Amino acid sequence: MLDLRLIRNDEDAVRAGLARRGEDPSTLDRVVELDAEHRSLTARRDALRAEIRTISNQVGALFREQRGDEAAALQEESRALGGQEQELDARSDELAGEIRDLLLRMPNLPAAECPDGGGEADNVVLRVDGFDPAAYAEHQRVPHWDVGAELGILDVERAVKLSGSMFVMYRGAGAALVRALCQLAIDRNVDLYEEVRPPTLVRTDTMVSTGHLPKFVDEAYQLERDDLWAIPTAEVPLTSLHRDELLDEADLPRRFVAHTSCFRREAGSAGKDTRGLLRVHEFDKVEILALGTPAQAADLHAEILARAEGLITELGLAHRVLDLCTGDIGNSAARTFDIEVYAPGVDQWLEVSSVSWFSDYQARRANLRYRPTDGKGTEVLHTLNGSALAVPRVWAALVETHRTPEGQVLIPDLLRPYLQLYLRGDGPFR
RNA sequence: GGAGGGAUGGCAGAGCGGACGAAUGCGACGGUCUUGAAAACCGUUGGGCCGGCAACGGUCCCGGGGGUUCGAAUCCCCCUCCCUCCGCCA
């Protein structure tokens, strides 16, 4: 949520930021208009309240002095003011609600460094690592759904029987590989990041805090009966972990790592990338997230990116890092780096992590504040996060990249300790 | 799910129609004392919104929402959450 005071004090900057995203400025116009009306209304209401308070105190004093019979005129006066006050108050509440509804649907402003652009095509490729199209052999050009079926480690057909299309089921060594990837990703981050196992069903407020609601209702699974939502990412519960709290600057930054199931309706993407593991409704992901001061944000952003990218590198996966342009960054983000792995079997770049800096956008929605060590008052935090490892696409790229001429999957060194039970004999893994 | 009891500042805990943003204690911070520390003593110690360069002023906040009243932390209604007992359950 944008800061209403920023809109008031520097409307031009907000307007420019929204324009860089290609946003229709009419919402901003409306907010500015409603805000002016709201403020003049509350000022009048507060003045009335002050009068009522003064009168009531006078009435109280009369009663205390046993002169209650002299209070009738004052009581009548106050009653009349009360009527006006209620009217103004009701209208003021109404306006405040309208303003909030609009603000909740407005996107974050892009960071100054965020490259301009209208869409995916304008994203800037910062670097490509380990990618040489000519270096891939024929045995690596097999899509993971075929590798998976052949080795009995991925059973898409039966998953569809159980849950419908875009659900998958890992079996045997394939299921173990999911578990191994998640544990690896957690183990690699617990040095700095506190391990958390949060709920995956959350209240509406929790979804609103990260920006997943109200704008993206259609993307989320809702349990209407219980008024709960299935989280699309651990970002949702982790961002709200300190919601409505006032932290001490000395305790910042706070860092968390969480492995959860993630649920996505993928409403807008019917028919797109539906094969195999490219796009699924339910998947495992290890997320890392940080809360910090504005001054800490840049370092934290770099740190999260380095950790996510480092893991991909060590898994031996070709990948590239994109600096998303203003036309492609997510609604809540100010700046985002995407990590895409190259999957040779399907010959596609697959997004495996969006490492985002949300400035104070989510923190304002979640009411995440801190008390500066030297300064006075309170400040709004910054939030940042990224996937340390998103299972399905990494699983796919790994199985395709490390497929041997014999059709087995060669497990990279750092995963081997987690897969000891599956590395004996001539099973699917080697 | 049933029956009771609760929700007040960082924490504990009073207040139960008027002078209450709220006693008191603890904690924290600053000071006096001390070579230093502890103890003791003195003082400070919430947040939101609006106006103001600021000092400051106005208003709101005692779980949330509504109501009664000239006036609500205090009375009434609804909701949420927590605790105890019973039932059920992994």
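All values reported here derive from a predicted model rather than from experimental measurement. Below, read A as the first sequence line, B as the second, and so on, with proteins coming before strands; counting in each chain starts at 1. Because only heavy atoms are used, hydrogens play no part in the values below, and waters and symmetry mates are left out as well, while side chains stay in.
- A salt bridge is defined here as a Lys NZ or Arg NE, NH1 or NH2 lying under 4.0 Å from an Asp or Glu carboxylate O, and Arg364(A) with Asp3(A) meets this definition.
- Rounded to whole Å, the distance from CD on Glu85(A) to P on G67(B) is 11 Å.
- Panel note: side chain Asn9(A), backbone Arg5(A); a donor-acceptor pair is recorded below 3.5 Å.
- Within residues 86-97 of chain A, no residue has any heavy atom closer than 4.0 Å to RNA chain B.
- When rounded to the nearest whole Å, the span between CG of Leu246(A) and C1' of G47(B) equals 8 Å.
- Rounding to whole angstrom units, CZ of residue Phe63(A) and C1' of G18(B) are separated by 10 Å.
- Neither OP1 nor OP2 of C50(B) sits under 4.0 Å from any side-chain N or O of Arg44(A).
- The CD-C1' distance, from Glu379(A) to G47(B), rounds to 14 Å in whole Å.
- Ranked by how close their nearest RNA chain B nucleotide is to the 5' end, Ile55(A) and Asp35(A) are led by Asp35(A).
- Following rounding to the nearest Å, Ile52(A) (CD1) and G18(B) (C1') show an atom-to-atom distance of 16 Å.
- The same atom, C1', is picked in C81(B) and in U69(B); the two are 29 Å apart, to the nearest Å.
- Residue Ser78(A) is classed as a sugar-phosphate contact, given heavy-atom separations below 4.0 Å to backbone atoms only.
- Listed by first and then second residue, the salt bridge (Lys or Arg N to Asp or Glu O under 4.0 Å) pairs that reach into residues 163-172 of chain A are Asp155(A)-Arg171(A), sequence neighbours excluded.
- Side-chain contact annotation: Asn189(A) with Arg307(A), donor-acceptor N/O pair under 3.5 Å present.
- Rounded to whole Å, the P atom of C76(B) lies 23 Å from the corresponding atom of G2(B).
- Between Trp229(A) and Phe263(A), the distance separating the two ring centers is not shorter than 6.0 angstrom.
- Atom CG of Asp244(A) and atom P of G47(B) are 16 Å apart (whole Å).
- Pairs of Watson-Crick or G-U wobble type, with distances under 3.5 Å, assemble into runs of 3 or more in RNA chain B at these ranges: B:1-7 with B:80-86, B:10-12 with B:24-26, B:27-32 with B:40-45, B:46-51 with B:56-61, B:63-67 with B:75-79.
- Spacing between C42(B) and G47(B) at atom P, rounded to whole Å, works out to 26 Å.
- Here, C11(B) and A28(B) have their P atoms 15 Å apart, quoted to the whole Å.
- For the pairing with Lys285(A), the side chain to side chain contact (heavy atoms under 4.5 Å, CB included) check across Val352(A), Thr233(A), Val394(A), Val391(A) returns one residue only, Thr233(A).
- Look at Asp323(A) and Arg335(A) and you find a salt bridge, because one of the NZ, NE, NH1 or NH2 atoms lies within 4.0 Å of a carboxylate O, short of that distance.
- Spacing between U24(B) and G13(B) at atom C1', rounded to whole Å, works out to 8 Å.
- Phosphate proximity of C50(B) to Arg39(A): absent, as no side-chain N or O sits under 4.0 Å from OP1 or OP2.
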Query raised in the report: When you check every protein heavy atom under 4.0 Å of nucleotides 56-65 of chain B, what one-letter string (B, S, -) results, 5' to 3'?
Result: --BSS-----
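- Ring-plane geometry between Tyr221(A) and His281(A) is classed as perpendicular, the angle between the planes exceeding 60 degrees on a 0 to 90 degree scale with a lower cut at 30.
- Residue pairs satisfying the side chain to side chain donor-acceptor pair (under 3.5 Å) criterion with at least one member in residues 409-426 of chain A, sequence neighbours excluded, are listed as follows: Asp187(A)-Tyr418(A).
- For Arg254(A), the salt bridge (Lys or Arg N to Asp or Glu O under 4.0 Å) partners two or more places apart in sequence, or in a different chain, are Glu194(A).
- Backbone-only contact: Arg8(A) has heavy atoms under 4.0 Å from sugar-phosphate atoms and none from a base.
- For the P atom pair drawn from C79(B) and C20(B), the interatomic distance equals 34 Å after rounding to whole Å.
- Out of G47(B), C50(B), G18(B), the shortest distance to the side chain of Thr378(A) is found at G47(B).
- Here U69(B) presents its P atom at 18 Å from CG of Leu74(A), a figure rounded to the nearest Å.
- Between A22(B) and G46(B), the two C1' atoms lie 12 Å apart (nearest whole Å).
- You'll find that the side chain of Arg203(A) is closest to C81(B), out of C81(B), G48(B), C50(B).
- One P atom belongs to C82(B), the other to U8(B), and the distance between them is 14 Å to the nearest Å.
- A salt bridge links Asp89(A) and Arg49(A); the closest N-O separation between the charged side-chain nitrogens and carboxylate oxygens is under 4.0 Å.
- The pair Glu195(A)-Arg255(A) does not count as a salt bridge, with every side-chain nitrogen at least 4.0 angstrom from each carboxylate oxygen.
- With ring centers used as reference points, Tyr361(A) lies 6.0 Å or more from His382(A).
- As a whole-Å value, the separation of Arg369(A) CZ from G10(B) P is 10 Å.
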